[in-house]
S.K.: 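Let me begin by handing over the structure; questions about it come next.
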There are 2 protein chains.
Amino acid sequence: MEKIGTKLSRAEQKARRPQEILEAAFEEFTANGYAATRVEDVAARLGVTKGTIYLYFPTKDELFEAMHRQMSAPFSDLRASVAVLEGSCSERLRALVRLAYEKVANDRRIRELLRLVLAEGARFPHMVDRHYEEFIAPVEDAIGALVREGVSSGEFRRTAVAVAPAVLVSPVLHATFLRLMFADRRPFDETTFMEAHIDLVLNGLLMRNG
Amino acid sequence: MEKIGTKLSRAEQKARRPQEILEAAFEEFTANGYAATRVEDVAARLGVTKGTIYLYFPTKDELFEAMHRQMSAPFSDLRASVAVLEGSCSERLRALVRLAYEKVANDRRIRELLRLVLAEGARFPHMVDRHYEEFIAPVEDAIGALVREGVSSGEFRRTAVAVAPAVLVSPVLHATFLRLMFADRRPFDETTFMEAHIDLVLNGLLMRNG
DNA sequence: TATCACTGACTATCGGGTTAGTCAACAGTC
DNA sequence: GACTGTTGACTAACCCGATAGTCAGTGATA
């Protein structure tokens with residue numbers, strides 16, 4: 001644990017600044033969007049002035065992009081978690097869905113980042129593309145592989161889902177956006193939602209043996 | 001059809017202006033977001049100047065809100081379409097899903113409006129709430145009623161989906177956001193996606209009689 | 001010719017980016 | 001351990017282009 005109240009040396013402070021600035025930038029940009037965020041607001045969050053920000057980042061634009069790069073890191077975490085799942089295909093699918101709720105819908109930072117990608121995507125196509133390559137594609141691939149494995153082992157039906165595996169996790173996105181839209185203004189029972197999701201995905205709606 | 005090139009009377013022109021302005025505002029606000037859109041850009045789209053806009057709307061803020069109110073109208077259309085579906089529950093569900101793709105994922109205006117709601121929601125909570133009341137809630141209610149009917153008629157399994165019917169249409173949202181993110185940069189086969197969606201929702205992944 | 005929808009030049013303000021200047025932290029000397 | 005010169009992270013005041021909102025004037029229409 002860091003000692004509280006200890007004044008940092010100049011070198012220490014300088015080493016921490018970029019981190020701190022990106023952190024503050026994340027809060028401001030996600031709260032207000034790119035255009036409506038002032039560099040001064042980011043600075044104020046740290047108790048420094050605008051000039052300081054410009055010592056570390058050349059423009060507002062580059063600050064934004066650096067922030068997004070920084071904050072995308074947790075995504076690779078999800079990829080790693082998916083890789084080590086064990087059990088039958090349906091067990092692994094269950095676990096993957098649970099993991100997706102935990103790491104995406106439930107993580108405020110990831111939620112806000114997703115909103116940012118969608119909201120500012122038109123102005124920052126790099127961001128959208130990195131987002132796809134680092135996050136969406138690997139997850140889709142993992143799910144696709146899982147479904148194909150289940151089909152060839154006879155555990156899953158031969159189904160059109162194999163060619164569009166993304167539909168399996170759509171409710172996670174749905175939950176994420178509901179939480180983004182309503183924050184705490186409207187209650188959202190995620191457990192119920194997730195159980196419905198898993199049940200639907202495995203069993204479907206139709207009565208069996210009908 | 002309106003005659004082309006016919007000059008409108010002053011009264012006609014004046015009567016049309018608010019419509020025209022809202023239309024132009026929609027294009028600009030959805031393309032650039034609220035903060036980055038200049039009132040002058042909206043005016044330029046009509047070949048008029050900024051002053052004209054302010055003859056019809058007192059502030060940029062009110063222009064934005066009026067635009068959103070105006071553009072929300074097509075949503076009620078979807079509600080009406082859902083109400084008149086016929087056939088068995090699964091037939092109606094299929095039809096409803098198809099309709100959702102057609103009216104939401106495939107409609108550029110609705111897509112952009114959705115992005116706007118998400119992007120600017122923090123600054124315009126009225127907008128989010130109206131969006132929920134006019135669109136999300138009625139659709140969720142309709143789906144919920146359909147599922148309950150199917151369950152009690154024995155056509156559908158007694159399932160957790162009944163308490164979170166939104167999961168049934170999540171892939172529509174997913175498709176909408178993919179199209180928003182990648183516009184035309186990445187191909188998206190909606191037919192395949194939709195077929196996978198319907199198959200999943202009705203039958204699930206697991207092998208039957210297993 | 002009277003009206004009024006529209007113009008376009010104007011003001012006030014805001015915010016990205018710059019830079020001369022400040023002062024606490026450090027290093028070297030005694 | 002005190003004294004002193006140097007460094008460099010940070011500040012504060014500034015510049016300037018951009019944009020929300022205003023209003024006296026204009027010219028086509030009825």
Side-chain angles (χ1 to χ4, degrees), chain A residues 2-3 5-68 116 120 123-124, chain B residues 3 5-68 116 120 122-124:
Chain A
E2 191 65 35
K3 256 196 290 180
T6 302
K7 206 160 183 194
L8 298 171
S9 73
R10 284 224 277 181
E12 281 170 332
Q13 184 59 274
K14 185 179 182 182
R16 289 182 185 212
R17 274 280 181 254
Q19 253 315 316
E20 291 178 338
I21 292 173
L22 293 175
E23 205 74 37
F26 172 80
E27 296 299 334
E28 291 297 323
F29 281 130
T30 54
N32 313 313
Y34 178 79
T37 294
R38 292 172 306 161
V39 175
E40 243 183 299
D41 297 336
V42 176
R45 227 167 227 278
L46 301 180
V48 300
T49 59
K50 201 169 43 156
T52 302
I53 307 292
Y54 283 98
L55 291 177
Y56 294 88
F57 300 93
T59 62
K60 183 183 175 184
D61 230 82
E62 293 215 26
L63 172 61
F64 182 79
E65 301 238 30
M67 177 277 289
H68 181 257
L116 215 57
E120 313 287 351
R123 228 177 326 249
F124 297 93
Chain B
K3 256 194 292 180
T6 302
K7 206 159 182 194
L8 298 171
S9 73
R10 282 226 279 181
E12 281 169 331
Q13 184 59 275
K14 185 179 183 184
R16 289 181 184 214
R17 273 284 183 251
Q19 252 316 315
E20 290 178 340
I21 293 172
L22 294 175
E23 204 75 37
F26 172 81
E27 296 299 334
E28 291 298 323
F29 281 129
T30 54
N32 314 313
Y34 178 79
T37 294
R38 292 172 306 159
V39 175
E40 244 183 294
D41 297 336
V42 176
R45 226 167 229 277
L46 302 180
V48 300
T49 58
K50 201 168 44 155
T52 302
I53 307 291
Y54 283 99
L55 291 177
Y56 294 89
F57 299 94
T59 63
K60 183 184 176 185
D61 229 81
E62 293 214 28
L63 172 61
F64 182 79
E65 301 238 31
M67 177 278 288
H68 181 257
L116 214 57
E120 313 286 353
R123 227 182 324 257
F124 297 93

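Keep in mind the model is a prediction, meaning the values are calculated, not measured. Lettering follows sequence order; numbering is per chain, from 1.
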S.K.: Would you mind reading off the distance between B:Tyr54 atom OH and C:dC10 atom C1', rounded to a whole angstrom?
M.R.: 14 Å
S.K.: Is any side-chain heavy atom of B:Thr52 closer than 4.5 Å to a side-chain heavy atom of B:Arg17?
M.R.: yes
S.K.: Whole angstrom is fine here: how far is it from CD in B:Glu40 over to P in D:dG17?
M.R.: 16 Å
S.K.: If the cut-off is 4.0 Å, is A:Thr59 near the phosphate of C:dG17, judged by side-chain N/O to OP1 or OP2?
M.R.: no
S.K.: Tell me the interatomic distance from B:Asp61, atom CG, to D:dG21, atom C1', rounded to whole angstroms.
M.R.: 13 Å
S.K.: When you match B:Gly47 and A:Gly51 each to their closest nucleotide on DNA chain C, which lands nearer the 5' end?
M.R.: B:Gly47
S.K.: Please state how far atom CD in B:Glu20 lies from atom P in C:dC6, giving the value in whole angstrom units.
M.R.: 9 Å
S.K.: Kindly say if B:Tyr56 contacts the phosphate of C:dA5, meaning a side-chain N or O under 4.0 Å from OP1 or OP2.
M.R.: no
S.K.: Choosing from D:dA9, C:dC6, D:dC10, which nucleotide comes nearest the side chain of B:Leu55?
M.R.: C:dC6
S.K.: Could you work out which one of C:dA5, C:dG16, D:dC10 sits closest to the side chain of A:Lys60?
M.R.: C:dG16
S.K.: Name the orientation class of the two ring planes belonging to B:Phe29 and B:Tyr34 (parallel below 30°, tilted from 30 to 60°, perpendicular beyond 60°).
M.R.: parallel
S.K.: State, yes or no, whether a side-chain contact exists between B:Leu116 and B:Phe124 at a heavy-atom distance under 4.5 Å.
M.R.: no
S.K.: Does B:Phe57 reach a base, just sugar-phosphate, or nothing at all? Heavy atoms under 4.0 Å.
M.R.: nothing
S.K.: Quick one: which of D:dA20, D:dC10, C:dC6 gets closest to the side chain of B:Val39?
M.R.: D:dA20
S.K.: Between A:Arg17 (CZ) and D:dT11 (C1'), how many Å, whole number?
M.R.: 12 Å
S.K.: When you measure from the side chain of B:Arg38, which nucleotide among C:dC6, C:dG16, D:dT19 comes out closest?
M.R.: D:dT19
S.K.: Using whole Å, report how far CG of B:Asn32 lies from C1' of D:dT19.
M.R.: 14 Å
S.K.: Tell me whether the side-chain N or O atoms of A:Lys50 pair up with the base of C:dG15 as donor and acceptor below 3.5 Å, since no angle test is needed here.
M.R.: no
S.K.: Round to the nearest Å and state the distance from B:Glu12 atom CD to C:dC6 atom C1'.
M.R.: 18 Å
S.K.: Find which nucleotide of DNA chain C each of B:Lys14 and A:Ala35 is nearest to by heavy atoms, and output the residue with the more 5' nucleotide.
M.R.: B:Lys14
S.K.: So do the side chains of A:Met67 and A:Val42 get within less than 4.5 Å of each other, counting heavy atoms only?
M.R.: no
S.K.: Is any side-chain N or O of A:Thr49 closer than 4.0 Å to OP1 or OP2 of D:dT11?
M.R.: yes
S.K.: How many whole angstroms separate atom CG of A:Asp41 from atom P of C:dC14?
M.R.: 12 Å
S.K.: How about A:Lys14 and A:Tyr56: do any of their side-chain heavy atoms sit closer than 4.5 Å?
M.R.: yes
